[in-house]
Amino acid sequence: MSSERTELAELVLDVADQVPPGRVTTYGLVAEAVRGATGHGHPRHVGTVMASYGGEVPWWRVVRADGTLPRQLRERALERYLAEGTPLTPLVPVRVDLERAVWDAPTQWRLPLADPRA
DNA sequence: GTGCTGACACAGG
DNA sequence: ACCTGTGCCAGCA
């Protein structure tokens with residue numbers, strides 16, 4: 001079945017949409033989850049998808065590996081974090097406290113793997 | 001088909 | 001804390 005967006009994009013958006021409020025996941029983890037389901041997917045692709053369709057999902061819950069976001073989005077995301085109580089580091093620059101807020105998609109939300117028993 | 005771009009990750013300086 | 005280079009690969013001109 002053909003999809004307007006790519007299959008990859010659909011999965012990325014799906015994962016992003018599953019992240020609970022107050023928690024976040026990373027581009028790498030999303031890519032890992034998608035990769036488990038499709039065999040394809042890298043952090044770079046996740047970023048590309050988010051840039052195109054991020055508006056449809058809670059984009060601020062997908063952060064970089066060190067808990068930061070792109071400059072342009074940093075301020076806007078900070079508002080969201082304060083609003084939903086996302087754990088932030090007390091140090092500057094403010095970034096998400098991944099140790100407490102990370103939501104491991106591959107573990108918390110099992111994607112339909114090609115071979116569940118593998 | 002060819003080449004550049006990118007909401008990345010990681011290592012260095 | 002910042003910027004640069006490298007590896008990665010789908011999407012687009």
Side-chain angles (χ1 to χ4, degrees):
Chain A
M1 53 189 184
S2 61
S3 52
E4 303 68 42
R5 308 163 193 161
T6 64
E7 176 184 8
L8 181 64
E10 286 293 340
L11 285 168
V12 169
L13 294 174
D14 250 350
V15 175
D17 198 45
Q18 302 306 311
V19 182
R23 308 295 293 286
V24 300
T25 191
T26 70
Y27 294 92
L29 289 175
V30 174
E32 205 175 301
V34 173
R35 197 155 94 72
T38 68
H40 298 293
H42 278 253
R44 194 132 225 172
H45 305 151
V46 175
T48 300
V49 172
M50 293 304 286
S52 300
Y53 311 104
E56 301 176 24
V57 299
W59 54 265
W60 60 93
R61 294 178 194 151
V62 181
V63 302
R64 289 172 58 160
D66 62 355
T68 64
L69 282 87
R71 288 179 162 180
Q72 192 82 58
L73 301 174
R74 201 180 67 191
E75 300 169 47
R76 206 160 294 264
L78 183 56
E79 296 175 38
R80 304 288 191 172
Y81 298 148
L82 294 176
E84 52 184 60
T86 304
L88 302 174
T89 64
L91 304 177
V92 295
V94 176
R95 62 183 185 184
V96 176
D97 186 343
L98 285 180
E99 291 298 306
R100 294 196 292 158
V102 73
W103 182 78
D104 193 336
T107 300
Q108 305 300 321
W109 185 60
R110 306 281 180 169
L111 283 170
L113 301 179
D115 185 78
R117 299 182 297 101

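Lettering of chains follows the sequences in order, A, B, ..., and the numbering in each one begins at 1.
- Distance NE2 (A/His42) to C1' (B/dT5): 17 Å, rounded to an integer number of Å.
- For the pair A/Leu73 and A/Trp59, the minimum side-chain heavy-atom distance is below 4.5 Å.
- Atoms CE (A/Met50) and P (C/dA10) sit 19 Å apart, rounded to a whole Å.
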Counting only pairs under 3.5 Å, give me each side-chain donor-acceptor contact of residues 43-52 of chain A, with atom names and distances, residues two or more places apart or in other chains.
unit_1, atom_1, unit_2, atom_2, d
A/His45, ND1, A/His42, N, 3.2
A/Thr48, OG1, A/Arg44, O, 3.0
A/Ser52, OG, A/Thr48, O, 3.2

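- Exactly one of A/Val96, A/Asp97, A/Leu78 qualifies for a side-chain contact (heavy atoms from CB on, under 4.5 Å) with A/Thr86. That residue is A/Val96.
- Distance A/Glu10 CD to C/dG11 P: 12 Å, rounded to the nearest Å.
- Atom CD in A/Glu7 sits roughly 16 Å away from atom C1' in C/dC9 (whole-Å rounding).
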Summary of protein contacts for nucleotides 8-13 of chain B, nucleotide by nucleotide, where a base hit scores B, a sugar-phosphate-only hit scores S (4.0 Å, heavy atoms)
BSS---

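- One N or O on the side chain of A/Thr25 and one on the backbone of A/Trp103 form a donor-acceptor pair closer than 3.5 Å.
- Residues A/Leu98 and A/Val63 have side chains in contact (heavy-atom distance under 4.5 Å, counting atoms from C-beta outward).
- Here the P atom of nucleotide C/dC8 and the CZ atom of A/Arg35 are 12 Å apart, to the nearest Å.
- A heavy-atom distance below 4.5 Å is not found between the side chains of A/Val12 and A/Val62.
- In this structure, the CG atom of A/Leu8 is 13 Å from the C1' atom of C/dC8, given to the nearest Å.
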